[in-house]
Amino acid sequence: MATMKQVAERAGVSISTVSHVINNTRVVSDDVRRRVLGIIDEMRYIPSAVARSLKNDKTNTIGVLVPNSSNPYFAELIRWIEDAAFQLGYNIILCNAHGGAQKQAAYLRLLMEKRIDGLVLVASGADDEQDLLLGHETVPIVQLERALPGLHADLVQAGQEEGGYAATRHLIELGHRDIACVSGPADLPRTRERVGGFMRAMAEAGLALTLTPDRIVHDEFTSAGGHAAFTRLLARPRRPTAVFVTSDLMALGGLCAAGSAAVRVPAQLSVVGFDDIAAARYALPPLTTVAPPKHDMAWLAIELLADRIRGGHAPLRRTALASTLVVRASTAPPQ
C-alpha cells in the first residue's frame, strides 16, 4: 500500500504539500494540485481517515443507534438516514441495540471511541444507564421517534398519539362500534402513545364503555406477536368488527391469524395498522395503515445534526411531523 511519503517523492513535492492537497488546509497551485492528485490516483493511495480526523478533529462519520434493524420500520428509516447522510458528505456507523440498555450503553461508548462527529439516536424502552451516559457526552445528538428524559438534544418525531387517533377515527367513521386494539408491550412509550390515541377517539365517540379489559390485547411488536394476539382475540365469544393494530408487523401476523380462523377481512373484520412498511401494500388484502413521514424525518434529523456539527448554536428544536392515514383494502363498513 502506497504511503504519503511515496506520493510526495513521486510528485516531487514535500509531504506537507501532499497533506495540504488532501485536506485543503492551504492554497496550492493548480498545477501542483493536479500533479499530486494524479499520482494519488495512479498509486491508489488511500489517505488515513484516522490521521485526517486527528488533524481536522472531524471524521465525517455519524453514528446511528436503533433498537432493532430487523424491524422493517427501522430498516426503512435507516435507509433514508443513510441516503441523507451520504448526500451531505457523511458516512454512518450503524449499531443495533435490540432494546437492551446495557448493549445500548456499550455501543454508545464504541461510537464515541470511533470519534463520530454526531449521533442519530432512536431509543426505545427504559434505559437509565443510557440516559446517564448521554448526559456526559459532548458530540451533537439528534433524537428520532422518542425523547430521552434528561437528554438536551434536538428531537424529530412523528405524531404517535395523533396517528392512533386518526386510525381509530377512520374505523368509527366507517360505522364500527365494537373496536379492539392489538398493541406491543404496554411499557413501551410508542405503545402508550398509540393506544392513547385509540382511547381518545373511542372516548370522543362515546364508546369508552365498550373498552373492557379484553378489548386491548398486548404482545410483542412482531408478526408472531400479532398472530398470537389476534388468535386470542378471535377465539372469544364476542368478536370485534374492527381492530386497530399499533404496528404493521403485528397487523400482518393478525391477517394470517384471521385467515386461519376463517374470518374474512374486511367483510367480517376491518384491520388498520401503523408504520406503513413496504410489505403493508402487498398484504392480502392490502393493509390500511398510518404512515409516518420516514423520509422527511430522516432528512430533517441529518440536516439538524449537520448544522450542529458545523457549530450551529440555534435553540434546541422539537419537531413533530404529521403522519397520514393510507386507506387500502383491509377496512370497510361493518356488515
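What's counted below: heavy atoms across the whole structure, side chains too, no hydrogens, waters or symmetry copies.
- Put simply, the side chain of R215 reaches to within 4.5 Å of the side chain of R238, judged on heavy atoms.
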Quick one: side chains of residues 273-294, donor-acceptor pairs under 3.5 Å with protein atoms, not counting sequence neighbours, listed by atom name and distance.
residue: D275; atom: OD1; partner: R194; partner atom: NH1; Å: 3.3
residue: D275; atom: OD1; partner: R194; partner atom: NH2; Å: 3.1
residue: D276; atom: OD1; partner: R328; partner atom: NH1; Å: 3.3
residue: D276; atom: OD1; partner: R328; partner atom: NH2; Å: 3.0
residue: T288; atom: OG1; partner: R328; partner atom: N; Å: 2.8
residue: T288; atom: OG1; partner: R328; partner atom: O; Å: 3.3
residue: T288; atom: OG1; partner: T331; partner atom: OG1; Å: 3.0
residue: T289; atom: OG1; partner: D248; partner atom: OD1; Å: 2.7
residue: T289; atom: OG1; partner: D248; partner atom: OD2; Å: 3.3
residue: T289; atom: OG1; partner: G273; partner atom: O; Å: 3.4
residue: T289; atom: OG1; partner: F274; partner atom: N; Å: 3.1
residue: T289; atom: OG1; partner: D276; partner atom: N; Å: 3.3
residue: K294; atom: NZ; partner: E76; partner atom: OE1; Å: 3.4
residue: K294; atom: NZ; partner: D275; partner atom: O; Å: 2.8
residue: K294; atom: NZ; partner: D276; partner atom: O; Å: 3.2

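- To the nearest 0.5 Å, atom CG of residue N68 and atom CZ of residue F221 are 12.0 Å apart.
- Interatomic distance, T319 OG1 to L155 CG, rounded to the nearest 0.5 Å: 7.5 Å.
- Scanning both residues, A242 and L269, for their nearest heavy atoms gives N-CD1, 3.8 Å.
- Between H152 and L316 the shortest heavy-atom distance is C-CD1, 3.7 Å.
- Atom CH2 in W299 sits 5.0 Å away from atom CG in L88 (nearest 0.5 Å).
- F86 and I78 are members of different hydrophobic clusters when ILVMFWY side chains are connected at heavy-atom separations under 4.5 Å.
- Looking at D117, its side chain does come within 3.5 Å of a backbone N or O of T59 through a donor-acceptor pair.
- Heavy-atom minimum distance, A11 versus V36: CB-CG2, 4.2 Å.
- Using a 4.5 Å heavy-atom threshold, the side chains of I216 and F198 count as touching.
- Rounding to the nearest 0.5 Å gives a distance of 7.0 Å between CD of Q157 and CD of E193.
- Closest of all the heavy-atom pairs between G164 and F244 is CA-CZ, 3.6 Å.
- A distance of 12.0 Å separates NE2 in H295 from CD1 in I81, rounded to the nearest 0.5 Å.
- Atom CE of M199 is surrounded by 12 or fewer heavy atoms from other residues, nucleotides or ligands within 6.0 Å.
- Electrostatic pairing of D214 and R232 does not count as a salt bridge here, judged by no charged N lying under 4.0 Å from a carboxylate O.
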Go through it in stages, so that I can follow the logic: the residues are L121 and L151, the test is side-chain contact (heavy atoms from CB on, under 4.5 Å), and I'd like the CA-CA distance, side-chain angles, deciding distance and then a yes or no.
CA-CA 11 Å; L121 176 64; L151 175 60; 4.1 Å; yes
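- At a threshold of 4.0 Å, the pair D31-R35 counts as salt-bridged, since one of the basic side-chain nitrogens sits closer than that to a carboxylate oxygen.
- The closest side-chain donor-acceptor pair between E145 and Q160 falls under 3.5 angstrom.
- Counting heavy atoms from C-beta on, the side chains of V142 and R317 never come closer than 4.5 Å.
- Using a distance-only test at 3.5 Å, with no hydrogens or angles considered, a donor-acceptor pair links the side chain of H176 to the main chain of A332.
- With hydrogens and angles ignored, the 3.5 Å screen pairs no side-chain donor or acceptor of D307 with any backbone N or O of G312.
- A pairwise comparison of heavy atoms in L252 and S223 identifies CB-OG, 4.4 Å as the closest pair.
- A heavy-atom distance below 4.5 Å is not found between the side chains of W80 and D296.
- Hydrophobic clustering of Ile, Leu, Val, Met, Phe, Trp and Tyr side chains at less than 4.5 Å, counting indirect connections, keeps L321 apart from Y165.
- Using a 4.0 Å cut-off between a side-chain N of Lys or Arg and a carboxylate O of Asp or Glu, E113 and R109 do not qualify as a salt bridge.
- Remark: of the listed residues V245, V263, L255, V245 is the sole one forming a side-chain contact (heavy atoms from CB on, under 4.5 Å) with F230.
- Two residues are said to be in side-chain contact when any heavy atoms from C-beta on lie closer than 4.5 Å; V217 and R236 meet this criterion.
- Annotation: side-chain hydrogen bond (donor to acceptor under 3.5 Å, both in side chains) contacts of D154 (sequence neighbours excluded): R308.
- Taking 4.5 Å as the limit, every side-chain heavy atom of I172 sits out of range of all side-chain heavy atoms of E204.
- Formation of a donor-acceptor pair under 3.5 Å by the T191 side chain with backbone atoms of D187 is not found in this model.
- Two different hydrophobic clusters hold V326 and M297 under the rule that ILVMFWY side chains link at heavy-atom gaps under 4.5 Å.
- In this structure, E220 places its CD atom where only 12 or fewer heavy-atom neighbours from other residues, nucleotides or ligands lie under 6.0 Å away.
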Step by step, work out the side-chain contact (heavy atoms from CB on, under 4.5 Å) result for M43 and V7.
CA-CA 8 Å; M43 299 183 71; V7 170; 4.2 Å; yes
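- Shown here for S183 and V195, the closest heavy-atom pair between the two residues is OG-CG2, 3.5 Å.
- Two residues are said to be in side-chain contact when any heavy atoms from C-beta on lie closer than 4.5 Å; L108 and L119 meet this criterion.
- Under the 3.5 Å distance criterion, the side-chain polar atoms of H218 are matched with a main-chain donor or acceptor of G184.
- One distance of note links CD1 of I179 with CG of L174; it measures 9.0 Å at 0.5 Å rounding.
- A heavy-atom distance below 4.5 Å is not found between the side chains of R115 and T61.
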Verdict with reasoning, I62 to I116, per side-chain contact (heavy atoms from CB on, under 4.5 Å)
CA-CA 5 Å; I62 291 172; I116 58 172; over 6 Å; no
